[in-house]
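Step one of this worksheet: look at the structure below.
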Amino acid sequence: MIPLGQAQELVLGACRKGIPTSVPIDEAMGCVVAEVVIATELVPPFVNSSRDGYALRAEDAPADEAGGPVRLAVVGSIMAGSLLDRPIGPGQAARIMTGAPLPAGADAVCMLEDCSDEDDGTVVVIDHPVATGDAVRHAGEDVRIGDVVAEAGTVLTPAHLGVLANQGMDDVCIHPRPRVGILSTGDELVAGPGPLAPGQIRDANRHTLLGLVRREGWDAVDLGIVADDEGALGDALDRARVDCDAIVTSGGVSVGDLDIVKVVLEKRSGGTMRWMQVAIRPAKPFAFGTLEGSGTPVFGLPGNPVSAMVSFELFVRPGVRRIAGHHALHRVVIPSVADTDLRRIPDGKIHFVRAVLWPDADGRWRLRPMAGQDSHQLLAMAGANALAVVPDGEGVAAGGRVHALLTDPEWSSADGTRGGARPW
Ligand code: AMP
Ligand code: MG
């Protein structure tokens with residue numbers, strides 16, 4: 001058996017960052033920035049009001065509670081997107097909306113709530129103190145010219161997209177979103193709703209793996225089911241090589257398996273294919289190599305559905321994250337408290353136990369294993385949101401510390417509970 005870390009290193013060593021390319025910012029959500037972006041524009045671009053109110057000279061307004069009220073002549077009204085055609089002189093004010101440019105002469109805004117109109121709005125009565133700079137947003141308060149708005153390696157979030165738009169950018173230079181091909185192998189597999197002949201099973205893995213790829217924000221390429229047939233599998237790989245940055249197969253990599261997948265991958269990988277027994281449970285069998293010519297990484301996952309998912313989590317996800325340009329390749333490991341016993345026997349492997357992980361009212365993460373831990377029990381996996389990492393040994397007793405990977409942050413149980421009290 002090969003240690004998990006070693007198998008992961010082997011994968012990561014063969015996965016290379018995609019070549020940077022420019023794409024429209026609206027196609028870049030979740031992508032990794034390839035080239036630092038430096039601000040060339042001020043944000044906000046001009047001095048403006050942060051409130052609806054009256055722009056004025058602070059020296060004209062009451063300096064303290066005892067000083068008011070004062071009456072100022074209203075000389076105009078400024079909407080967002082418009083300018084006042086004159087400066088504000090002594091004893092004058094202008095109606096101003098949030099985001100409108102502060103007129104020349106004015107140095108503060110009195111918000112509407114702190115004043116009142118008189119004489120059909122030609123006079124404003126200020127009865128609250130106003131100081132220089134009140135309700136004024138200065139040019140460059142958010143971003144100054146020369147600021148780094150996105151380092152290389154930044155994962156673009158919705159906020160970043162707005163930050164880039166604020167710089168007037170149409171396009172951003174990123175590592176392209178990886179295209180990941182998914183292929184199921186096995187003569188027993190059937191797609192669609194038709195009746196099953198004896199010995200046949202439905203192809204669950206392709207749909208699960210396509211979903212895992214899409215959940216990462218990558219482009220999923222459905223390569224279909226390929227029977228245990230050398231020609232068919234070879235053709236599928238040839239097509240995938242052109243279209244995909246990585247190829248994921250499931251089935252046919254275990255020790256006892258029919259040799260077809262092994263033969264074909266062996267032939268097309270120029271001897272790079274490694275057939276591993278990784279010291280983990282589930283997902284012990286794992287194959288990895290690169291296609292000859294293109295260097296496209298090929299991940300050979302085990303056929304059991306839960307094993308395929310765990311293998312995706314531990315090998316495909318970090319590998320393709322590297323292709324996508326991510327610096328952080330692995331999931332955050334969360335220390336949690338075992339809600340019940342997580343007993344096991346020593347076997348030289350790390351066990352990845354399907355579990356529910358939730359934060360309790362005291363801010364501690366708690367973990368409960370699912371019933372049904374066999375590698376064909378996909379429904380139990382569907383009810384889980386985490387993998388508990390139980391190292392080799394006797395396991396963990398209830399109340400003990402167990403590390404976990406939160407594999408599905410969006411998880412909530414069917415009754416809507418997500419754990420953790422709302423703090424409002
Ligand atoms: P294998 O890795 O090919 O030895 O398959 C191990 C187990 O997973 C067998 O019970 C297969 O029938 C099952 N299996 C293989 N491929 C799939 C698939 N695409 N969907 C569901 N089960 C599968
Ligand atoms: Mg098989």
Side-chain angles (χ1 to χ4, degrees), residues 1-2 7 11 180-215 220-237 239-240 244 246-269 273-289 298-317 349 351-352 354 370 372-384:
M1 287 194 298
I2 161 171
V11 166
V180 182
I182 302 293
L183 181 129
S184 289
T185 68
D187 280 339
E188 74 275 37
L189 300 179
V190 177
L196 294 173
Q200 289 186 325
I201 60 162
R202 302 195 191 277
D203 173 18
N205 291 352
R206 195 161 41 95
H207 304 285
T208 295
L209 292 167
L210 288 167
L212 286 168
V213 167
R214 292 187 179 117
R215 188 162 74 183
V221 181
D222 185 354
L223 302 172
I225 297 175
V226 182
D228 291 318
D229 172 272
E230 235 185 286
L233 190 54
D235 289 349
L237 289 176
R239 268 180 279 120
C244 301
I247 301 167
V248 178
T249 72
S250 72
V253 299
S254 312
V255 185
D257 277 325
L258 211 66
D259 275 337
I260 303 300
V261 176
K262 290 178 180 161
V263 167
V264 175
L265 285 178
E266 203 60 64
K267 273 189 188 162
R268 291 178 189 250
S269 64
M273 219 59 208
R274 289 280 305 271
W275 306 91
M276 289 168 262
Q277 299 295 316
V278 187
I280 55 175
R281 180 185 164 173
K284 183 168 75 147
F286 172 59
F288 181 80
V298 183
F299 298 81
L301 273 39
N304 273 312
V306 175
S307 306
M309 288 190 78
V310 170
S311 197
F312 181 96
E313 168 66 29
L314 296 175
F315 301 114
V316 181
R317 187 175 178 275
K349 298 178 208 161
H351 289 194
F352 288 88
R354 280 70 79 199
M370 304 295 296
Q373 291 287 335
D374 275 333
S375 58
H376 63 289
Q377 290 177 302
L378 191 54
L379 184 58
M381 181 80 172

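Order of listing sets the numbers, starting from 1, for every ligand and every atom in it. If you're wondering where the values come from, they're calculated on a predicted model, not measured in any experiment. Heavy atoms only: backbone and side chains are in, while hydrogens, waters and symmetry mates are out.
Contacts between Ile225 and ligand 1, counted as non-hydrogen atom pairs separated by less than 4.0 Å, are absent for every part of the residue. Under 4.0 Å from ligand 1, the heavy atoms of Arg202 that appear belong solely to its backbone.
Of the protein's heavy atoms, Ala204 N, 3.0 Å lies nearest to atom 20 (N) of ligand 1. Ranking the protein heavy atoms by distance from atom 3 (O) of ligand 1 puts Gly252 N, 2.8 Å first. The protein atom (non-hydrogen) at minimum distance from atom 11 (C) of ligand 1 is Glu188 OE2, 3.2 Å. Here the protein heavy atom with the shortest distance to atom 6 (C) of ligand 1 is Asn304 N, 3.7 Å. For atom 23 (C) of ligand 1, the nearest protein heavy atom (residue, atom name, distance) is Gly303 O, 3.3 Å. In terms of protein heavy-atom proximity, atom 22 (N) of ligand 1 is closest to Ile201 CD1, 3.4 Å. Scanning the protein for heavy atoms near atom 4 (O) of ligand 1, the closest one is Asp257 OD1, 2.7 Å. Given atom 19 (N) of ligand 1, the protein heavy atom at minimum distance is Asp203 OD1, 2.7 Å.
Residue Asn205 approaches ligand 1 through these ligand atoms, each under 4.0 Å from one of its heavy atoms: 16 (N), 17 (C), 18 (C), 19 (N), 20 (N), 21 (C), 23 (C). Taking a cut-off of under 4.0 Å to the non-hydrogen atoms of Ser184, the atoms of ligand 1 that pass are 19 (N). Close approach to Gly251 involves these atoms of ligand 1, each under 4.0 Å from a residue heavy atom: 2 (O), 3 (O).
Shortest non-hydrogen contact noted between Gln200 and Pro195 is OE1-O, 4.3 Å.
Here Phe286 and Phe315 bring their ring centres to under 6.0 angstrom of each other.
Taking 4.5 Å as the limit, every side-chain heavy atom of Val213 sits out of range of all side-chain heavy atoms of Leu209. Between Trp275 and Leu265, the closest side-chain pair of non-hydrogen atoms falls below 4.5 Å.
Within 6.0 Å of CD1 in Ile201 there are more than 12 heavy atoms belonging to other residues, nucleotides or ligands. Atom CZ of Arg206 has more than 12 neighbouring heavy atoms from other residues, nucleotides or ligands inside a 6.0 Å radius.
In this structure, Leu237 CG and Leu183 CG are separated by 6.5 Å, a value rounded to the nearest 0.5 Å. Rounding to the nearest 0.5 Å places CE of Met309 at 4.5 Å from CG of Leu212. Note: Phe299 CZ to Ile182 CD1 = 10.0 Å, rounded to the nearest 0.5 Å.
The shortest separation from a heavy atom of Ser254 to ligand 1 is under 4.0 Å, placing the residue in contact.
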